[in-house]
Every structure is written in structure tokens, then in C-alpha cells.
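Numbers for residues simply follow the sequence, beginning at 1.
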Amino acid sequence: MATPGQIDEFNLRVKRIKDPRNISYYDAEMKMNVPKRVSKDYINRKKIKKVGLLALVFSAVLGVLAYSVAQIASDRFGILPVGSELVMFGVAAILVLIFGGMCSHKTMSHMSAQVMGVGIMMASAHNAVWMLPDTMSQVVSARYVQDVRANTAPNSIIVLGVTYSN
């Protein structure tokens with residue numbers, strides 16, 4: 001049975017707990033005051049971090065850069081097989097996800113914009129050859145520039161082998 005001293009101590013603890021001014025308790029493990037009562041609005045709030053437009057544009061630019069790196073690796077250094085668009089897309093997509101991870105662009109929106117940037121570059125990269133043929137022959141290779149100028153039209157987009165031009 002409890003002694004009268006233990007009963008008094010228990011009643012004091014209950015009184016402290018029920019005191020309306022007592023809004024938190026000290027947790028020794030966390031070494032902080034923890035609130036006793038939390039409103040349902042606070043519990044049910046949804047923290048949705050919205051991705052800004054500038055971050056999505058930056059992610060798309062990362063995709064463009066990744067495709068450019070894959071293109072240079074393929075044509076300039078011969079690391080990747082030439083002419084295989086699927087391999088080029090796969091390598092560029094992996095590169096852009098790595099670049100995005102290094103830049104903390106890891107959300108689904110960011111990754112979608114990154115892969116979209118790779119797709120945009122795949123469809124329209126040949127236009128850079130038409131705009132700057134001398135520079136592109138130094139960056140990529142002269143053979144690639146000749147192939148692009150022989151097989152594509154300026155200011156066009158190539159999607160799944162179909163050329164769209166204005």
C-alpha cells in the first residue's frame with residue numbers, strides 16, 4: 001500500500017499535470033520541453049514544398065548539359081557508340097540525375113524537368129551545329145558536323161525520326 005507521503009506526492013504531481021498553465025513537460029532524453037497538447041490543425045497540416053519555376057528551368061538546363069557531355073563523350077572521345085540514340089539518351093539521363101543529385105534537385109518535379117531537358121536537347125541539338133558550325137566542329141568532331149549538315153535542316157526539331165520545321 002502507498003504511504004501518506006507517497007499519496008501526497010502523487011496528488012501534487014496530478015495537480016501539476018492538470019494545471020492549465022502547464023503546457024509542456026521536460027523530456028530528459030530529448031533534452032527539451034515537449035508540448036502536452038497539440039491542436040488537430042497543427043497535426044493535420046501538410047507541408048508541401050512547391051518547386052519554383054527557376055529551379056525547374058535550372059533542372060532543364062542540367063538536362064541540356066548532360067546531353068552535351070554525352071554527345072562529346074560519344075563523338076569526340078569515342079566512349080559511347082556513335083549513332084545509337086537510345087544509348088545516348090540513357091547515358092544522358094543517368095548523368096543528369098547524378099548532376100541533379102549533386103545540386104540537390106532530387107524531387108520528382110526536378111527529375112522530370114531534367115529528363116525533359118535531355119529530350120529537348122535530343123530533338124534540337126542539331127540546330128547548334130547549324131548556328132555555330134566552326135565552334136561545334138572544335139567541341140564535338142568535324143565528322144559529326146558534316147553528318148548533321150547533310151542529314152538535317154536548320155531550325156527544325158527531330159522527334160522519333162520525323163522532322164518538324166517551320
Side-chain angles (χ1 to χ4, degrees), residues 1-128 132 135-136 139-140 157-162 164:
M1 290 302 272
T3 64
Q6 290 175 333
I7 292 175
D8 290 340
E9 181 184 342
F10 177 76
N11 288 332
L12 284 173
R13 287 181 65 201
V14 170
K15 185 177 177 185
R16 269 196 326 265
I17 290 171
K18 289 186 176 182
D19 184 8
R21 293 177 294 165
N22 183 10
I23 58 171
S24 65
Y25 66 92
Y26 183 76
D27 188 343
E29 279 185 29
M30 295 191 317
K31 297 182 181 169
M32 63 182 282
N33 286 328
V34 178
K36 285 180 14 177
R37 294 180 186 88
V38 180
S39 68
K40 286 184 181 178
D41 294 335
Y42 185 78
I43 294 170
N44 293 328
R45 77 187 189 288
K46 295 190 185 209
K47 287 188 177 180
I48 298 174
K49 186 178 179 185
K50 298 197 178 192
V51 177
L53 181 64
L54 188 62
L56 292 178
V57 170
F58 179 72
S59 290
V61 169
L62 281 177
V64 169
L65 291 175
Y67 183 77
S68 300
V69 168
Q71 188 73 40
I72 291 170
S74 173
D75 291 320
R76 185 73 159 175
F77 301 113
I79 296 172
L80 301 173
V82 178
S84 176
E85 290 184 25
L86 185 62
V87 171
M88 189 75 70
F89 178 78
V91 169
I94 291 169
L95 279 176
V96 76
L97 294 178
I98 292 170
F99 292 163
M102 291 189 310
C103 295
S104 297
H105 285 232
K106 301 175 188 176
T107 66
M108 208 55 173
S109 303
H110 287 126
M111 288 188 273
S112 300
Q114 291 163 4
V115 173
M116 182 184 69
V118 171
I120 288 171
M121 193 64 172
M122 283 187 72
S124 62
H126 64 278
N127 290 316
L132 306 164
T135 307
M136 289 301 289
V139 173
V140 191
I157 294 175
I158 301 173
V159 178
L160 299 174
V162 179
Y164 300 98

Over all atoms of both residues, closest heavy-atom pair of [X] and [Y]:
{"X": "Leu62", "Y": "Gly100", "result": "CD1-CA, 3.9 Å"}
{"X": "Ala55", "Y": "His110", "result": "CB-NE2, 3.6 Å"}
{"X": "Ala92", "Y": "Ala66", "result": "O-CB, 3.5 Å"}

> Is the count of non-hydrogen atoms from other residues, nucleotides or ligands lying under 6.0 Å from Met30 atom CE greater than 12?
Replying inline: yes
>> Do His105 and Ser59 pair up side chain to side chain, a donor and an acceptor below 3.5 Å, judged on atom types alone?
In response: yes
In Å and rounded to the nearest 0.5 Å, what is the [atom1] to [atom2] distance from [X] to [Y]?
{"X": "Arg13", "Y": "Lys15", "atom1": "CZ", "atom2": "NZ", "answer": "15.5 Å"}
{"X": "Met111", "Y": "Thr107", "atom1": "CE", "atom2": "OG1", "answer": "6.5 Å"}
{"X": "Leu97", "Y": "Met102", "atom1": "CG", "atom2": "CE", "answer": "11.5 Å"}
{"X": "Tyr164", "Y": "Ile157", "atom1": "OH", "atom2": "CD1", "answer": "10.0 Å"}
{"X": "Tyr67", "Y": "Met122", "atom1": "OH", "atom2": "CE", "answer": "5.0 Å"}
{"X": "Gln6", "Y": "Asn11", "atom1": "CD", "atom2": "CG", "answer": "12.0 Å"}

>> Under the criterion side-chain contact (heavy atoms from CB on, under 4.5 Å), I'd like the reasoning laid out for Met116 against Ile120: C-alpha separation, chi angles, the key distance, then a yes or no.
In response: CA-CA 6 Å; Met116 182 184 69; Ile120 288 171; 4.0 Å; yes
> Which of these, Val91, Val96, Leu95, Val64, sits in a side-chain contact (heavy atoms from CB on, under 4.5 Å) with Val69?
Replying inline: Leu95
> Step by step, would you call Arg16 with Asp19 a side-chain contact (heavy atoms from CB on, under 4.5 Å)?
Replying inline: CA-CA 5 Å; Arg16 269 196 326 265; Asp19 184 8; 5.6 Å; no
>> Less than 4.5 Å apart, side chain to side chain, heavy atoms only: is that true for Leu56 and Ser109?
In response: yes
>> Using the rule given for side-chain contact (heavy atoms from CB on, under 4.5 Å), can you reason through Phe10 versus Val14, listing the C-alpha separation, both sets of side-chain angles and the distance that settles it, and then say yes or no?
In response: CA-CA 6 Å; Phe10 177 76; Val14 170; 3.7 Å; yes
